[in-house]
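Here's the structure we're looking at; comments come further down.
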Amino acid sequence: MKIRVRFAPSPTGYLHIGGARTALFNWLFARHHGGTFILRIEDTDAARNSQEAVEVILDGLRWLGLHWDEGPLTGEATGPSHGDRGPYFQSQRRELYLRRVEALLSRGLAYEQDGAIKFRMRREPVVIHDLIVGEVVRRLTDREEQDPDFVILRSDGQPVFHLTNVVDDLEMGITHVIRGEDHLSNTAKHIALFEAFGVKPPHYAHIPLILNPDGSKMSKRDRGAAVHWYREEGYLPEALVNYLALLGWSPKDNREKLSVPELIDRFDLAQVLRHNARFDPEKLLWLQGEYMRELPRDRFYELAVQALHKAGLDTTRYPLNYVKAALDTCYGKVKTFRELPDYGGFYFREEVEYDPQAVAQHFVPDQAPRIRRLRDSLGRVGAFDAATLETALKSVAAELGVKPAVLVHPVRLACTGRTAGPSLYHLMEVLGRERVLDRLERALARPEWNA
RNA sequence: GACCCUAUCGUCUAGCGGUUAGGACACCACCCUUUCACGGUGGUAGCCCGGGUUCGAGUCCCGGUAGGGUCGCCA
């Protein structure tokens, strides 16, 4: 039997990080077994659905590289799709649901009450054989004891989640339902519906939830709850995928960094943990840094330029060689692209923006004559390359009887406005003699040196 | 209130009856060094509590506690 799994998000306007992991686990499971990964949009709640809300989900999944074999190609409910089990929007499947409701009605398994149709739920405990959680015996709660039946068709004629979810999984031939643990209790209802339709329910696998770092549940408003936030913050999708895969699952060999093919090869539902995991932004940032340091250079240039433009820095005003040389000095040094404008923005700004605190610390009277002397030296050196500049600075330092670091800090500040950044000698080489001397001159003209 | 799930360093995890309880992030110290990172070395830190079972329990069972989920004409 060919495995068929699905990710069935509701278009809420964003792709939740937990949803993304659910999608990832489904996708990894499908790819591992050579199965089919289906995307279905659960848009039965017309009030809060929009094409844009669906696009956000499609974009998020595409960015993460979780491509679906069947499902919509655009956010338009009546638009094109892949696969022969569609439509893949629940809003387009109304006839299917009504037919199923009729069937239940005709067999006395459902009945009308106050204009709504309710399903006759069994009162006996339901046994759920979950691939992750194990065997779960779900009994009725006290409220359900009063009335175990539940609405499957609202009085306004709209089908309800439990019904649509089951009908679609049935019609689409879903073999494994991999979803968040928040659905575990609902599963009893779903199994009862499958049985009412006379078919065996699919296999279930409920994965634990992702919590905030403080252990509270993640809601839409929490920072980092939405996948697109990571894209805007300059994260790499491969880092996020790697991190998400390791939340609640482990390859068990002490490896933290795994490529997508490795994840596909090793992923196994049975090894998924049963307890919730807290999202750790620090560890994600570390992994992100690991991926940044081995990013192909061209992709780094491309994403770096995008980040710079987003920050209002126009790289197109500079020669391509200059841009590349400048970015080369930043490669491997920033952990996210969000950090880049702050880290290397001085290359693309003619006016240096000084860090006031650093100015107070380094542009001091004692330093003025030293920096003037260094400026003179730099004006005379033959070649303006990193090696020559290093030699020149160190020899001036030696002549002055100070450590190189004494000169390094104010020069860096004069050239970049910051106390941290790319290698000083390389950055001066890229800036070039003219800009460096100009920046030193302008820095020396400031009043702080004489204060 | 009822029902269901869960419980190893601060966090993510390995462990599957006998281990000096391992790794990673974070943190601390030192080294490297033109800054910041990176890298290297070392370190602090953990089996929720109480009963059983067993020669022996982080590992199995029960109870408690704590956290999470569900019980909707939301999904």
Side-chain angles (χ1 to χ4, degrees), chain A residues 8-12 42-45 47-49 90 113-118 125 128 130 132-134 136-148 150-162 164-165 180-189 206 208-209 211 213-217 243 246-257 273-287 289-290 292-293 330 332-335 339 343 358 386 389-390 393-394 397 403-409 411-413 416 418-428:
Chain A
S10 176
T12 53
E42 305 216 329
D43 59 343
T44 54
D45 185 6
R48 67 181 194 207
N49 288 323
Q90 291 191 331
Q113 184 181 67
D114 299 336
I117 307 296
K118 294 180 78 172
I128 303 162
D130 193 281
I132 293 169
V133 188
V136 176
V137 180
R138 169 64 155 84
R139 293 160 209 286
L140 295 182
T141 67
D142 55 357
R143 282 179 204 184
E144 290 166 336
E145 288 282 2
Q146 304 303 309
D147 177 15
F150 57 93
V151 171
I152 51 175
L153 193 70
R154 290 174 229 171
S155 50
D156 66 359
Q158 286 301 310
V160 170
F161 164 74
H162 298 299
T164 59
N165 193 266
E181 202 207 68
D182 48 337
H183 286 299
L184 184 56
S185 290
N186 289 330
T187 305
K189 291 187 172 78
H206 287 90
L209 271 21
L211 271 27
D214 69 358
S216 63
K217 53 188 150 182
Y243 179 72
L246 260 33
L247 267 191
W249 175 77
S250 164
K252 298 183 191 294
D253 57 3
N254 284 341
R255 288 191 53 201
E256 307 289 333
K257 190 156 171 287
L273 275 310
R274 294 167 176 63
H275 61 267
N276 295 343
R278 297 184 188 201
F279 193 90
D280 183 0
E282 300 279 3
K283 186 155 184 177
L284 168 61
L285 186 60
W286 167 75
L287 252 184
E290 294 289 305
M292 277 298 257
R293 253 173 271 115
C330 303
K333 306 274 283 187
V334 290
K335 282 194 173 180
E339 297 169 17
Y343 190 85
L389 293 167
E390 179 168 1
L393 185 141
K394 284 183 172 168
K403 287 191 283 190
V406 172
L407 300 178
V408 165
H409 289 290
V411 173
R412 172 185 297 284
L413 184 59
T416 73
R418 304 294 155 88
T419 53
S423 158
L424 177 65
Y425 309 119
H426 291 87
L427 131 207
M428 288 197 292

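Residue numbering restarts at 1 for every chain, and letters A, B, ... go by the order of the sequence lines.
Put simply, the side chain of A:Pro213 does not reach to within 4.5 Å of the side chain of A:Arg278, judged on heavy atoms. Contact check for A:Asn165 versus A:His183: no side-chain heavy atoms found under the 4.5 Å cut-off. Side-chain atoms of A:Arg138 and A:Thr187, non-hydrogen and from C-beta on, never get closer than 4.5 Å to each other. At a threshold of 4.5 Å between non-hydrogen side-chain atoms, the residues A:Val411 and A:Tyr425 do not count as touching. Residues A:Lys394 and A:Pro404 have side chains in contact (heavy-atom distance under 4.5 Å, counting atoms from C-beta outward).
Judged by Watson-Crick or G-U wobble contacts below 3.5 Å, the nucleotide B:A45 has no partner. Nucleotide B:C60 is matched to B:G52 when pairs are restricted to Watson-Crick or G-U wobble geometry with both distances under 3.5 angstrom. In a base pair of the Watson-Crick type (N1 to N3 plus N6-O4 or O6-N4) or a G-U wobble (N1-O2 and O6-N3), with each distance short of 3.5 Å, B:U34 is matched with no nucleotide. Pair check for B:A24 finds B:U11; Watson-Crick or G-U wobble, both atom distances under 3.5 Å. Applying the Watson-Crick and G-U wobble criteria (two distances, each under 3.5 Å), B:C73 pairs with nothing in any strand.
Taking atom P in both B:C47 and B:A7, one finds a spacing of 16 Å when rounded to whole Å. Only the P atoms considered, B:G58 is 32 Å distant from B:U41, to the nearest whole Å. Spacing between B:C12 and B:C73 at atom P, rounded to whole Å, works out to 35 Å. Between the C1' atoms of B:A45 and B:A29, the separation comes to 15 Å (whole Å). The separation of B:G63 from B:A21, taken at their P atoms, amounts to 30 Å, rounded to a whole angstrom. A gap of 48 Å separates the P atoms of B:C71 and B:U20, to the nearest Å. Using atom C1' as the reference point in both B:G22 and B:U8, the two lie 11 Å apart (nearest Å). For the C1' atom pair drawn from B:C9 and B:U70, the interatomic distance equals 32 Å after rounding to whole Å.
Mapping A:Ala277 and A:Arg274 onto RNA chain B by nearest heavy atom places A:Arg274 closer to the 5' end of the strand.
No hydrogens or angles were tested; on distance alone, nothing pairs the side chain of A:Ser185 with the base of B:C71 as donor and acceptor under 3.5 Å. Side-chain atoms of A:Asp142 and base atoms of B:G1 include a donor and an acceptor less than 3.5 Å apart. Applying the 3.5 Å distance criterion, the base of B:U35 shares no donor-acceptor pair with the side chain of A:Thr419.
Note on A:Val137: only backbone sugar-phosphate atoms sit closer than 4.0 angstrom, heavy atoms only; bases stay farther off. Counting non-hydrogen atoms under 4.0 angstrom, A:Arg412 reaches a base of the nucleic acid. A:Arg143 comes within contact range of at least one nucleobase, with a heavy-atom separation under 4.0 Å. As judged by a 4.0 angstrom heavy-atom cut-off over every strand, A:Gly332 is placed among residues making no nucleic acid contact. Using a 4.0 Å heavy-atom cutoff across all strands shown, A:Ser250 reaches sugar-phosphate atoms only and no base atom. Residue A:Pro213 is out of contact with every strand shown, counting any heavy-atom pair closer than 4.0 Å. Within 4.0 Å of A:Glu339, counting heavy atoms only, lies no atom of the nucleic acid at all. Residue A:Tyr243 is classed as having no contact, given no heavy-atom separation below 4.0 Å to the nucleic acid. Looking at heavy-atom distances under 4.0 Å, A:Ala405 makes no contact with the nucleic acid at all. Across all strands, A:Leu424 comes closer than 4.0 Å to base atoms (heavy-atom distances). Heavy atoms of A:Asn276 sit under 4.0 angstrom from primed sugar atoms or phosphate atoms, though from no base atom. A:Arg418 comes within contact range of no nucleotide atom at all, as no heavy-atom separation falls under 4.0 Å. Across all strands, A:Asp114 comes closer than 4.0 Å to base atoms (heavy-atom distances). Nucleic acid contact for A:Lys394: sugar-phosphate only, since backbone atoms but no base atoms lie under 4.0 Å from a heavy atom of the residue.
The shortest heavy-atom contact between A:Leu247 and A:Phe279 is CD1-CD1, 4.0 Å. Smallest separation of non-hydrogen atoms from A:Ala358 and A:Thr419: CB-CG2, 3.5 Å. Residues A:Val133 and A:Arg274 approach most closely at O-NE, 3.9 Å, considering heavy atoms.
Between A:Leu407 atom CG and B:U35 atom C1' the separation is 13 Å, expressed in whole Å. If you measure from atom CD of A:Gln90 to atom C1' of B:C74, you get 13 Å, rounded to the nearest angstrom. Following rounding to the nearest Å, A:His426 (NE2) and B:U35 (C1') show an atom-to-atom distance of 14 Å. Atom-to-atom, CZ of A:Phe279 to P of B:G67 comes out at 23 Å; the value is rounded to the nearest Å. Atom NZ of A:Lys333 is separated from atom C1' of B:A37 by 5 Å (rounded to the nearest Å). B:C5 atom P lies 15 Å from atom CG of A:Leu209, rounded to whole Å. One interatomic measurement links the two molecules: CG of A:Asp130 to P of B:G69, which rounds to 18 Å at whole-angstrom precision.
Closest to the A:Val151 side chain, of the nucleotides B:C73, B:C36, B:G69, is B:C73. Comparing B:C73, B:A75, B:C3 against the side chain of A:Ser10 picks out B:A75 as the nearest. For A:Val160, taking side-chain heavy atoms from C-beta onward, the closest of the listed nucleotides B:C12, B:C73, B:C5 is B:C73. Minimum atom distance to the side chain of A:Ser155 is reached by B:C73, of the listed B:C38, B:C4, B:C73.
Look at A:Lys118 and you won't find any side-chain N or O under 4.0 angstrom from OP1 or OP2 of B:C73. Between A:Arg278 and B:U6 there is no side-chain N or O to OP1 or OP2 distance below 4.0 Å. Within the 4.0 Å cut-off from OP1 or OP2 of B:G68, not a single side-chain nitrogen or oxygen of A:Lys217 is found. At least one side-chain nitrogen or oxygen of A:Arg139 sits closer than 4.0 Å to the OP1 or OP2 atom of B:C4. Taking 4.0 angstrom as the limit, A:His275 places none of its side-chain polar atoms (N or O) nearer than this to OP1 or OP2 of B:C12. The side chain of A:Arg293 places no N or O atom within less than 4.0 Å of a non-bridging phosphate oxygen (OP1 or OP2) of B:A37. Between A:Ser423 and B:U35, a side-chain N or O to OP1/OP2 separation shorter than 4.0 Å is absent.
Taken to the nearest 0.5 Å, the CG atom of A:Leu284 stands 11.5 Å off from the CG atom of A:Leu246.
Under the rule for a side-chain hydrogen bond (donor to acceptor under 3.5 Å, both in side chains), the partners of A:Arg293 that lie at least two apart in sequence or sit in another chain are A:Glu290.
Not one N or O on the side chain of A:Asp114 forms a donor-acceptor pair closer than 3.5 Å with the backbone of A:Ala116.
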> Which parts of nucleotides 21-31 of chain B does protein reach within less than 4.0 Å, heavy atoms only, written one letter per nucleotide 5' to 3' as B for base, S for sugar-phosphate only and - for none?
Replying inline: -BBBB------

> Hey, mind stepping through A:Leu427 and A:Arg412 against side-chain contact (heavy atoms from CB on, under 4.5 Å) and telling me if it holds?
Replying inline: CA-CA 9 Å; A:Leu427 131 207; A:Arg412 172 185 297 284; 3.8 Å; yes

